[in-house]
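Structure record follows, encoded as structure tokens.
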Amino acid sequence: MDLDDRLRHYFGTADLAVLTPATFEAGTERMHVDLGLEKDRPRRFALWTLMYMLGVAPDLDVAFKDEADRDAARNFMDMADRAGD
């Protein structure tokens, strides 16, 4: 997945700084719907990581049925948090 493409898909722009609160909310709602519909595990994980970085990801037990996917998400969360420090 190309980040700019995903941002344009959900928000109409790759520049998050220009988003209005309503546009951000509408885009993140579409992301939640797509996450619920996505069956491909790698694509689902990639979408969840984008949602996590935007602060709108659902809880792991809601997002992932498979324990291995939840563990991978926890690892990603730890790495992202360390990178932010």
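We're numbering straight along the sequence, starting at 1. Everything quoted here is computed from the prediction, not taken from an experiment.
A donor-acceptor pair under 3.5 Å links the side-chain atoms of His32 to the main chain of Val56, judged by distance alone. Looking only at distances, a side-chain donor or acceptor of Asp66 sits under 3.5 Å from a matching main-chain atom of Ala68. Formation of a donor-acceptor pair under 3.5 Å by the Arg44 side chain with backbone atoms of Ala63 is found in this model.
Across all their heavy atoms, Leu7 and Leu50 have their closest contact at CD2-CD1, 4.3 Å. Of all the heavy atoms in Ala46 and Thr49, the pair that sits closest is O-OG1, 2.7 Å. The heavy-atom pair separating Pro58 from Val62 by the smallest distance is CB-CG1, 4.1 Å. Of all heavy-atom pairs between Thr28 and Phe11, the closest is N-CE2, 3.8 Å.
Evaluation of the ring pair (Phe, Tyr, Trp, His ring centres under 6.0 Å) rule for Phe64 yields Phe45, Trp48 as partners, not counting sequence neighbours. Applying the side chain to side chain donor-acceptor pair (under 3.5 Å) criterion to Thr23, with sequence neighbours excluded, gives Thr20. When the salt bridge (Lys or Arg N to Asp or Glu O under 4.0 Å) test is applied to Asp5, the partners found at least two apart in sequence or on another chain are Arg8. Applying the side-chain contact (heavy atoms from CB on, under 4.5 Å) test to Ala26 and every residue at least two apart in sequence or in another chain returns nothing.
Apart from Val33 itself, the hydrophobic cluster it occupies contains Leu37, where clustering links Ile, Leu, Val, Met, Phe, Trp and Tyr at side-chain heavy-atom distances under 4.5 Å.
Met53 is listed as a side-chain neighbour of Phe76, based on a closest heavy-atom distance under 4.5 Å.
Residues in residues 69-83 take part in these salt bridge (charged side-chain N to carboxylate O under 4.0 Å, His left out) pairs, two or more places apart or across chains: Arg41-Asp69, Glu67-Arg70, Glu67-Arg74, Asp71-Arg74.
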For Arg6 and Asp34, what are the C-alpha separation, side-chain angles and deciding distance, and is it a side-chain contact (heavy atoms from CB on, under 4.5 Å)? CA-CA 12 Å; Arg6 295 293 81 205; Asp34 285 355; 5.5 Å; no
